Structures are given as C-alpha cells and as structure tokens.
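Inspection log for the structure reproduced underneath, given as structure tokens.
Please read these numbers as outputs of a predicted model, since none were measured by experiment. Throughout, protein chains are lettered first and strands after them, A, B, ... in sequence-line order, and every chain is numbered starting at 1.
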Number of protein chains: 2
Amino acid sequence: MTIELLPLADVSACCAPLTREPISAIEAADLATQLKAIADPARLRLISMVAAHDDQEACVCDLTEPLGLTQGTVSHHLKVLVDAGIFSRDKRGTWAYYRLVPGALDSIATVLVSA
Amino acid sequence: MTIELLPLADVSACCAPLTREPISAIEAADLATQLKAIADPARLRLISMVAAHDDQEACVCDLTEPLGLTQGTVSHHLKVLVDAGIFSRDKRGTWAYYRLVPGALDSIATVLVSA
DNA sequence: GCTATGCATTGATGGTTGTCAATGTATAGA
DNA sequence: TCTATACATTGACAACCATCAATGCATAGC
C-alpha cells in the first residue's frame, strides 16, 4: 500500500523570512515545533542515516543497532519526525520503511536564510 | 544548574550535508545544540524582532514589552542565543545591545539543505 | 494454531527547560 | 551621596522530554 502525499498543514512553508519583519507568536510557535523535532542528536542522526541509506529509505531494524538506542526509543523518535512532516512512513509486510519527505528540510532552511 | 560552557564559535561546524552520509554522534550533538537554541517561540521572535529593528540591533528594554515576558526571562533567552553564537552582545553605558551574528543562521540552514 | 519477528505503545524515571519573583550589580543623573 | 534605570543572576517550580523495560499487536512461516 503505497500511501504517499501526507496532508500536513504545510507548516512554515509560507515565505516568512524571519529576519525581514517581526513574526507573530503563532508563526513562532509553528516554526519552533518544526525545529524542536530536528533539534535532537538522535533524530539528526536518524535523518542522516535514512537519507544516506540504500534507496533513501530504512526500516527500524536498520537503525536501532547503529544508533545505539533501544528499539522502542528509535520508534519514538521516528514518530516525532513523522508527526513533524520530516519523515514519511510506509509499512510493507512486517517492516515499516521511513523516508525523508522531499523538500521538508529545505522549507525549514529557507525560513532561516536572510536573503 | 546548567554547567554549559561550550564556546562553539565555529558555527559553520564543517560542511556536513546531513543528507549525504551518516553524521557522527559528536556532529549530531553540536548541530542539535545550535538548533535547540533556535527551537523556541520566544527566541525565534527575539531573532525576528532584533533583525527587523532599527540598525538591526536592540536592547533588552526594546524587547521585553512587545514579547510579553519578564525582563529576567528575556535576558535569559538572549544569553542562550549569545552562547549559541546567534547573537552578539555590545554593552554601551547602561544598555546592552544585541545583534545577529552575520551568517550564523545561514550556516545552520546550509547544513539542512540537501544540495 | 503455534511461534518467531518487527514494530508500536505504555509506564516509570531522571534530567532538562521555560518562566517568574526576588535579588544583585553597575551606570547615569541630580 | 542618593536615587533611578538597565541588565544579569539566582532560586524555585511546573512542565516537558529522552530513555528504558515491559507489554501489546500485528504479520509471516511452520
């Protein structure tokens, strides 16, 4: 079942430059939610590991051992990333394959850039 | 008690593309420290307010009231941003003027981009 | 059906963090 | 010198978070 195209309320995908004019409290909260999802060593490594993996996707069993964390903890971090719209999840049989949502990181980066 | 004493002047943190190859645990921790400094609504608004202020600098008294937080809390957030290398601090007389470190946000954004 | 595997979820716990009130420190002016 | 202003710092507290062990829930193979 290849279910693609997550809804995800298009957080911060807008064009708020952050350094152009004072952002609202709501905009700040939304962007902070996205950044909090990434601002963790384990999740940064997960992003890096998945992106560099074969076919740009990986299952939990591929990530647990090299990350050095419990399977339950890895599953938790992956859920955080999926909820934040960074990762997509595709369950095939017994395995759950995670993949970077195209453009997710880029949209966050764009907000930070002054230009 | 945060015993935090990390200089971490090297914001660019080398050139790890994050999505190119698995980053090390140390690289992940460093980047996470930077991102944690930004991943807060109050601090995001501070960044935005300072950048959009006259002459791209502002003192604590300029920021406390519009942010709706206590002076002590604002001072705390500003310290976090200075420690992370996002803001610079310049004390002139009784006032302390804060300013965005040029390229600080951009270097963080660069790491996130797949490019 | 039984068992093994892969993953998600729960409960508990120790650590971190955002916030305020209160206090400390330094500078400027009368 | 005395007072007012501008920040920084401290202590306390509640909320949140990362982690593990244990459990639950499917699916696949026998």
Side-chain angles (χ1 to χ4, degrees), chain A residues 1-3 25 28-29 31-47 49-50 53 57-84 86-99, chain B residues 1-6 25 28-47 49-50 53 57-84 86-99:
Chain A
M1 322 298 184
T2 57
I3 303 137
L31 180 55
T33 301
Q34 291 263 322
L35 288 172
K36 275 180 195 292
I38 311 179
D40 180 89
R43 291 197 284 269
L44 284 173
R45 294 186 68 191
L46 282 175
I47 292 174
M49 291 166 63
V50 167
H53 202 265
E57 72 175 4
C59 59
V60 183
C61 58
D62 292 329
L63 305 167
T64 300
E65 184 268 340
L67 194 56
L69 292 176
T70 307
Q71 175 266 320
T73 301
V74 173
S75 204
H76 159 69
H77 284 307
L78 290 171
K79 175 179 169 53
V80 172
L81 290 171
V82 168
D83 290 344
I86 310 293
F87 273 175
S88 66
R89 180 177 178 273
D90 177 33
K91 182 145 192 177
R92 297 200 296 269
T94 317
W95 294 268
Y97 292 92
Y98 290 87
R99 178 184 295 272
Chain B
M1 300 301 191
T2 54
I3 315 171
E4 190 175 14
L5 258 179
L6 56 169
D30 288 346
L31 181 54
T33 301
Q34 292 262 321
L35 288 172
K36 274 180 195 293
I38 311 180
D40 179 89
R43 291 196 284 270
L44 283 173
R45 294 186 67 192
L46 282 175
I47 292 174
M49 292 167 63
V50 167
H53 202 265
E57 72 174 5
C59 57
V60 183
C61 58
D62 293 329
L63 306 168
T64 300
E65 184 268 341
L67 194 57
L69 292 177
T70 307
Q71 174 266 321
T73 301
V74 173
S75 205
H76 160 68
H77 284 306
L78 290 170
K79 175 178 169 52
V80 172
L81 290 170
V82 169
D83 289 345
I86 310 293
F87 273 178
S88 64
R89 180 177 178 273
D90 178 30
K91 181 145 195 178
R92 297 199 297 269
T94 316
W95 294 268
Y97 291 92
Y98 290 87
R99 176 184 296 271

Tell me: [atom1] of [X] to [atom2] of [N], nearest whole Å?
X       : N      : atom1 : atom2 : value
A:Leu46 : C:dC7  : CG    : P     : 13 Å
A:Arg45 : D:dT19 : CZ    : C1'   : 15 Å
A:Asp90 : C:dA8  : CG    : C1'   : 16 Å
B:Ile38 : C:dT17 : CD1   : P     : 15 Å
B:Leu35 : C:dT17 : CG    : P     : 14 Å
B:Glu65 : D:dA6  : CD    : C1'   : 16 Å
A:Asp83 : D:dC17 : CG    : P     : 12 Å
A:Lys79 : C:dT9  : NZ    : C1'   : 10 Å

Beyond-backbone contact of [X] with [Y], side-chain heavy atoms, under 4.5 angstrom:
X       : Y       : answer
A:Leu63 : A:Leu78 : yes
A:Ile86 : A:Val82 : no
B:Asp90 : B:Tyr98 : no
A:Ile38 : A:Arg43 : no

* Structure fact -> Readout for nucleotides 18-24 of chain C: B = base within 4.0 Å of protein heavy atom, S = sugar-phosphate only, - = neither; 5' to 3' it is SBB----

Side chain of [X] only, please: which of [options] is the nearest?
X       : options             : value
A:Thr94 : C:dG6, D:dA8, C:dC7 : C:dG6
A:Ala96 : D:dT9, C:dC7, D:dA8 : C:dC7
B:Trp95 : D:dA8, D:dA6, C:dT9 : D:dA6

* Whether A:Arg89 side chain and A:Lys79 backbone form a donor-acceptor pair below 3.5 Å ->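 No; zero donor-acceptor contacts below 3.5 Å.
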
* With no hydrogens and no angle check, is any side-chain donor or acceptor of B:Thr33 less than 3.5 Å from a backbone partner on B:Ala29? ->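 Yes: the side chain of B:Thr33 pairs with the backbone of B:Ala29.
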
* Row check, A:Phe87 ring normal vs A:Arg99 NZ/CZ: under 6.0 Å, within 45° ->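 Not satisfied by the 6.0 Å and 45° rule.
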
* Would you say B:Tyr98 reaches D:dA8's phosphate, i.e. side-chain N/O to OP1/OP2 under 4.0 Å? ->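 Yes.
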
* **B:Arg89 vs D:dA8: side-chain N/O to OP1/OP2 distance below 4.0 Å** =>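 So the side-chain polar atoms of B:Arg89 do come within 4.0 Å of the phosphate oxygens OP1 or OP2 of D:dA8, strictly under.
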
